Amino acid sequence: MKLFGSYTSPYVRHCRIVLAQNSETFDFIPTDYGQSAQQSPTQRVPFLQDGEITLYDSASIVRHLRERNQQAFCDNVQDFDLFCLANTALDTTVNLFLLQRDSITGEQSQYLTRQQSRVNSILALLNEQEWPTQAPYSDGQLRLACFLSWAQFRECINIQNYPNLQQFLLALNSQPWFANTHPALT
């Protein structure tokens with residue numbers, strides 16, 4: 001099995017976490033923008049090759065890895081909704097981050113201001129919930145944690161503004177399979 005990606009990608013991290021949780025043997029192939037543009041029709045990471053199967057999205061990869069180990073992927077609609085909310089916030093924040101790198105900011109675009117508002121409203125909603133402080137964690141919760149950790153690492157959000165989410169992330173950081181995949185460890 002080969003997982004193509006970057007160590008800093010939160011999408012790749014979710015896949016690496018599932019592989020670590022299940023003690024799966026795999027080759028990690030560091031892949032940059034140029035390589036992913038040539039090797040994946042999505043022109044992004046991660047993508048996975050497992051024998052005859054090639055998958056091009058982190059959600060399908062995580063589902064495949066869960067099925068290989070007879071585990072549920074988002075085993076109820078609430079967890080799937082959490083996964084989708086976290087993904088929306090993550091996708092939006094990644095886009096805002098990349099645009100900011102190109103010196104395009106919300107001050108220049110009402111659209112980007114709305115996108116930041118989207119992230120803030122999702123974080124506010126999720127901060128209203130109580131979160132588990134010990135394993136097991138669902139894939140919706142793991143996707144949320146990967147987002148929060150990456151967004152902090154990239155200084156895109158201030159987790160101090162969301163105390164329930166802050167406690168949730170603190171608890172996950174005590175899990176070796178989460179801490180050992182942190183993007184700062186590259």
Side-chain angles (χ1 to χ4, degrees), residues 5-18 20-21 30-33 36 42 44-46 57-59 61-62 74 78-186:
S6 73
Y7 287 106
T8 57
S9 166
Y11 307 98
V12 174
R13 185 180 188 188
H14 191 168
C15 299
R16 291 172 52 220
I17 287 168
V18 175
Q21 286 177 324
T31 308
D32 65 15
Y33 287 121
S36 64
T42 64
R44 63 182 185 179
V45 293
D57 189 87
S58 64
I61 294 168
V62 169
C74 295
Q78 290 85 9
D79 192 56
F80 185 62
D81 191 57
L82 173 58
F83 183 91
C84 292
L85 276 171
N87 239 22
T88 296
L90 177 55
D91 290 345
T92 303
T93 305
V94 167
N95 287 332
L96 290 169
F97 171 75
L98 293 174
L99 288 167
Q100 186 175 26
R101 278 177 136 182
D102 289 341
S103 300
I104 302 169
T105 64
E107 293 81 39
Q108 299 163 294
S109 166
Q110 288 183 345
Y111 174 77
L112 296 180
T113 301
R114 284 193 310 272
Q115 297 310 301
Q116 185 61 58
S117 177
R118 172 183 290 168
V119 173
N120 295 342
S121 90
I122 290 171
L123 289 170
L125 172 75
L126 295 176
N127 189 61
E128 293 173 5
Q129 300 179 31
E130 294 293 321
W131 296 99
T133 57
Q134 55 188 348
Y137 294 99
S138 69
D139 283 305
Q141 293 164 348
L142 290 175
R143 183 56 57 111
L144 174 60
C146 288
F147 160 60
L148 294 171
S149 183
W150 176 85
Q152 270 197 151
F153 171 69
R154 292 297 192 185
E155 299 178 349
C156 297
I157 64 170
N158 182 350
I159 197 80
Q160 303 298 321
N161 297 332
Y162 306 100
N164 286 344
L165 294 175
Q166 182 182 17
Q167 290 303 312
F168 169 63
L169 190 56
L170 228 92
L172 266 143
N173 280 327
S174 70
Q175 300 292 325
W177 42 260
F178 191 77
N180 295 339
T181 59
H182 193 278
L185 297 177
T186 59

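Heads up: numbering here begins at 1 and tracks the sequence. Please read these numbers as outputs of a predicted model, since none were measured by experiment.
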| remark: Rounded to the nearest 0.5 angstrom, the CD1-CG distance for Ile159 and Asn164 is 10.5 Å
| query | Donor-acceptor pair, Asn158 side chain versus Gln160 backbone, under 3.5 Å? | reply | yes
| Can you tell me if Gln175 uses its side chain to pair, donor with acceptor, with the backbone of Leu172 under 3.5 Å? | no
| query | Quick one: does NZ or CZ of Arg13 land under 6.0 Å from the six-membered ring centre of Phe178, within 45 degrees of the ring axis? | reply | yes
| said: Holding to ring-ring contact (aromatic ring centres under 6.0 Å, His included), I want the full list of residues that pass it with Phe168, two or more places apart in sequence or in another chain. | reply: Trp131
| How are the rings of His14 and Phe83 set relative to one another: parallel (under 30°), tilted (30 to 60°) or perpendicular (over 60°)? | tilted
| field | Atom pair OG1/CD1 of Thr181 and Ile17 - distance to nearest 0.5 Å | value | 4.0 Å
| field | Spacing of Asn87 atom CG and Leu144 atom CG [to the nearest 0.5 Å] | value | 11.0 Å
| task | Take atom CD of Gln108 as the centre, draw a 6.0 Å sphere, and report whether it contains more than 12 heavy atoms from other residues, nucleotides or ligands. | result | yes
| note | Separation between CD (Glu155) and CD (Gln100), nearest 0.5 Å, reads 10.0 Å
| said: Nearest 0.5 Å, please: how far is NE2 in His182 from CG in Asn180? | reply: 11.5 Å
| Interatomic distance, Leu148 atom CG to Leu170 atom CG [nearest 0.5 angstrom] | 11.5 Å
| task | With sequence neighbours left out, write down each residue that passes ring-ring contact (aromatic ring centres under 6.0 Å, His included) with Phe97, or none if nothing qualifies. | result | Trp150
| query | Distance only, no hydrogens: is a donor on one side chain within 3.5 Å (strictly under) of an acceptor on the other, for Ser58 and Arg143? | reply | yes
